[in-house]
Each structure stands twice: as structure tokens, then as C-alpha cells.
Amino acid sequence: VFRPDFRGAEMDDSTLYVDNRMIGATLPGTFFRIDVQPGPRVVSSSATGSTRLKVDTRADELYFVRLNVAGGNSRLVLVDAETAKRTIRECCALMENWAPGQRPLLR
């Protein structure tokens, strides 16, 4: 799950969940790599508003989900691998799982 919003634009946290398991809080220019078991998964995010995306995952496949946060509302979209990889290389730093309210050390 990657959040390519412009750094410094909106610093609103958006808490990320997979199957109701909290992954961490996101910031612009960050991404999480999340390992899941094959099968139907629900990725959700909550800022002021919340959003959900259902993804039917298969073994040994990668899925890229783009998270956008604007005006406190979050939106999740499944993105093709080439577009996602290019965007991640240009914008994003890998995040470890961390709790809402914490701030990462961004380079």
C-alpha cells in the first residue's frame, strides 16, 4: 500500500488496516509492504472519513494499492504493477509498522 501524496501537502494521518488488523498510520510519500495469506482480503483506511477495498489475493502474486488522502478523506485503488513500481521509486519511503501519532524518521 503506497501513499504518493506530496510531502508537506497534507500531513493528515490515515490509519491502515488489513482484515481489521491495524498495520500503521500513513504519511505522504510512504508505503507499507504487507504479507497476507491467499484469499479475499479487505484493505481499509481511515482519516476523517474511511474507505475499504476488497482484494482477492493469490499465492506468489504482488498487489499494489494506492492510498490518497485529501481533505481528511481517504481513497484506496488497486493499481497495475508497472505504474505502482514507478510511482513508489519516485516518491516513497518504506515504513515499518508503527502506531498512529508516531512520526517516522524521513530522509
Is there side-chain contact between L67 and S14, with at least one heavy-atom pair below 4.5 Å? yes
Kindly indicate whether the side chain of F2, heavy atoms from C-beta on, has any atom under 4.5 Å from the side chain of V79. yes
Distance in Å, E90 CD paired with K85 NZ, rounded so as to fall on 0.5 Å steps: 14.5 Å
Quick check: are there more than 12 heavy atoms from other residues, nucleotides or ligands sitting under 6.0 Å from CD of Q37? no
I need the F32 CZ to L94 CG distance, nearest 0.5 Å. 8.5 Å
Under 4.5 Å between side-chain heavy atoms, hopping through other hydrophobics if needed: is there a path connecting L78 to I23? yes
Test item: V1 and V43 side chains (from C-beta on) under 4.5 Å apart, heavy atoms: yes
Less than 4.5 Å apart, side chain to side chain, heavy atoms only: is that true for R3 and F31? no
I'd like to check I34 versus L16 (side-chain heavy atoms, cut-off strictly below 4.5 Å). Are they in contact? yes
If hydrophobic clusters are built by linking Ile, Leu, Val, Met, Phe, Trp and Tyr wherever their side-chain heavy atoms come under 4.5 Å apart, do V36 and L53 end up in the same one? yes
Nearest-0.5 Å distance, NZ of residue K54 to CG of residue L76: 13.5 Å
Any heavy-atom pair between the side chains of R33 and D35 that's under 4.5 Å? yes
State whether R58 and D56 are salt-bridged, where the test is any N-O pair (Lys NZ or Arg NE/NH1/NH2 against Asp/Glu carboxylate O) under 4.0 Å. no
With a 3.5 Å distance limit and no angle check, can you tell me whether T83 reaches the backbone of D80 through a side-chain donor-acceptor pair? no
Measure from the side-chain N and O atoms of T15 to the backbone N and O of A25, and report whether any donor-acceptor pair falls under 3.5 Å. no
